[in-house]
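Following: one structure in structure tokens, then a few remarks.
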Amino acid sequence: MKKNLIFILSFVLLAIGACSDDDNSTTNQVSVAFSVPSINLTENTTPIQILFSSPTTESGNLTITYAANSVAYGTDFSTLPAATQNTIVVPFASNVSSASFSFNKIINAIEGQVKNVVFTISNVSLANSSIAGNTTIQVNFNETASLGSSIAAEVGGASQPNQVYVDLSSGNKTSVPRVSWDLGFYSGSEFRVALNSSVKMSVKKLETANIDEVQVEDPSMIINTGQGNVNQVDAPAGNINETAMTAVSDNNDDNKVYIINMGNNPGTTPAVGSEATASGPHRGWKKVRILKSGNDYKIQYADLGATTHQEKTISKNAAFNFTFFSLVSNNVVPVEPQKNQWDLNFTSFVNVVSLGGPPVPYNYPDFVVTNTKGGASSYQVLNSEGFTYDSFTRANVNETKFTADQRNIGSNWRATSVVGPDGNPVSQFVVRLDRFFVVKDAAGNIYKLKFTSALSATGERGFPVFQYALLQ
């Protein structure tokens, strides 16, 4: 009995002691946390606040550590108090409910970059305190448009085997082989299919809707200097309703077969200063028929002499201008970036010109296409208009000159002859220094842009370099 009584008394005393400890903890313990779990930087200097659950009973320090993502202390950001070895010591006074340190943003993130710093409360020099709640805070660098840079569009030299897509606001470049795709299936409300004009493709509509009928090559469809039919290539200004292939009909009987001249591969390296964008072997012939499949496309295709065909369903993707398909690899292939993530395409291009007679298709190397379908636009400014690239400001922008023609830069940035000593033209590939361009992207950022180089150090074509700057 005595042992039981001692046991019971001991248990009661322990319970009382425990209750007493809990009561002291509840009464005196101070919780420490960041005021928010994350913050997006909108100012150059931002206070980062730490809260105390009750006023501090004494002065002391908070120890804050940090982990940086794609940023460097002293280059992209700094703090006050200053950090030492990824640690900041933040003092606090007695009888206060918060403390703070300053985050100083030195360099913005540009569009497409992820930059942030994660701060963690690691220690509090305060008796009877705990770190609870928002123990970390992620400080995010807001995206902003690039202020400008110098970019080399690496199309690959005189044969220019690559198309290079450039996004001015991020400075990103995307390069794809020109021969990697053949047809672009439009993602907008219209059902239209575009040709790969970078390889001199053309199409001819037949009277039959039977894809399994044998067809024959048509040499008149080949695009050479002074040869070709403007109705067999896409309208070069870029209007989606003026593709060489007519809109896909809801009535399958109206969707006829087309013969496709697949164009030419890039050639081998020519003489210095010349180009070889489409002087390689002919890529062959195909026959195709395009149908609707709900809100998707259905393509039937085969070699000209085949009596059976292949069939694929190709879906629209609203994030892109087109879904691209290769008749060679039989697959959907990635080509353009998302429609709001590029502004300019460096490529060879089938334009329409008059060479002293009716308009004809004509292959242009060293061509720059503006992404008008994705919301970008551009125009040219001549120095003779009273402006120079250096003097041109946001106030000088003429909004009425932005048009839906994707060729506004086109080949206007370069020339293939100069005036010789005797006053006569001399064949020479040069950058036109008497002009520059204004480009507006889908987000409304406006840039001035000038070309600074077109040749390699040895004089080879296919090395365009341009400089650009954001107009603010």
Side-chain angles (χ1 to χ4, degrees), residues 18-149 169-172 443 445 470 472:
C19 289
S20 177
D21 288 344
D22 286 346
D23 288 345
N24 287 337
S25 174
T26 301
T27 302
N28 300 321
Q29 190 174 71
V30 178
S31 295
V32 183
F34 288 108
S35 58
V36 291
S38 66
I39 188 170
N40 294 328
L41 299 173
T42 58
E43 305 294 337
N44 290 335
T45 299
T46 302
I48 307 299
Q49 189 178 46
I50 304 102
L51 301 179
F52 301 102
S53 61
S54 60
T56 57
T57 56
E58 59 187 7
S59 61
N61 295 300
L62 296 161
T63 302
I64 312 292
T65 59
Y66 70 84
N69 180 13
S70 299
V71 290
Y73 194 93
T75 301
D76 298 274
F77 74 100
S78 64
T79 60
L80 187 66
T84 302
Q85 296 182 337
N86 288 39
T87 300
I88 306 167
V89 177
V90 180
F92 59 84
S94 176
N95 198 33
V96 296
S97 297
S98 68
S100 67
F101 65 93
S102 294
F103 185 96
N104 304 311
K105 179 181 60 173
I106 300 173
I107 298 176
N108 286 316
I110 62 174
E111 185 178 307
Q113 289 182 330
V114 176
K115 287 184 171 185
N116 60 59
V117 182
V118 178
F119 292 95
T120 301
I121 304 171
S122 61
N123 188 59
V124 185
S125 66
L126 185 66
N128 202 24
S129 63
S130 66
I131 303 168
N134 297 324
T135 59
T136 66
I137 183 172
Q138 180 168 302
V139 179
N140 301 307
F141 286 63
N142 278 4
E143 289 186 349
T144 185
S146 169
L147 296 179
S149 182
S169 61
S170 66
N172 289 338
N445 300 307
L470 178 67
Q472 297 177 296

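The distance from the OG atom of S102 to the CD1 atom of I48 is 8.5 Å, given to the nearest 0.5 Å. Within the model, atoms CZ of F52 and CG of L62 stand 4.5 Å from one another, a figure rounded to the nearest 0.5 Å. Rounding to the nearest 0.5 angstrom, the gap separating the CG atom in L147 from the CG atom in N108 is 7.5 Å. Rounded to the nearest 0.5 Å, atoms CZ (F34) and CD1 (I39) are 11.0 Å apart. Of the inter-residue distances, the one linking S35 atom OG with L51 atom CG reads 5.0 Å to the nearest 0.5 angstrom. Of the inter-residue distances, the one linking Q85 atom CD with Y66 atom OH reads 10.0 Å to the nearest 0.5 angstrom.
The closest side-chain heavy-atom distance from I88 to F119 is below 4.5 Å. Counting heavy atoms from C-beta on, the side chains of I131 and V124 come closer than 4.5 Å.
No side-chain donor from either of N86 and T65 sits under 3.5 Å from a side-chain acceptor of the other. Under 3.5 Å, the side chains of S125 and N61 contain no donor-acceptor pair of N or O atoms.
P81 approaches F101 most closely through the heavy-atom pair CD-CB, 3.8 Å. Across E43 and K105, no two heavy atoms sit closer than the pair O-CE, 3.7 Å. Residue S146 comes nearest to L470 through the heavy atom pair O-CB, 3.5 Å, listed as atom of the first residue, atom of the second, then distance. Of all heavy-atom pairs between F92 and A99, the closest is CB-CB, 4.0 Å. For I106 against G74, the heavy-atom pair with the smallest separation is CD1-O, 3.7 Å. Residues S100 and V90 approach most closely at O-CG1, 3.5 Å, considering heavy atoms.
Note: F141 and F103 have perpendicular aromatic rings, judged against thresholds of 30 and 60 degrees for the angle between ring planes.
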V36 vs I137, test: side-chain contact (heavy atoms from CB on, under 4.5 Å). Steps then yes/no. CA-CA 7 Å; V36 291; I137 183 172; 3.8 Å; yes
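For K115, the salt bridge (Lys or Arg N to Asp or Glu O under 4.0 Å) criterion is met by D76, not counting sequence neighbours. Taking the side-chain contact (heavy atoms from CB on, under 4.5 Å) definition, one finds that N142 meets it with N40, T42, sequence neighbours left out.
Remark: the backbone N or O of Q113 is not paired with any side-chain donor or acceptor of S170 at under 3.5 angstrom. In this structure, T56 contributes its side chain and V96 its backbone to a donor-acceptor pair below 3.5 Å.
Residue I64 forms a side chain to side chain contact (heavy atoms under 4.5 Å, CB included) with just one option from I121, V89, T87, T120, and that option is I121.
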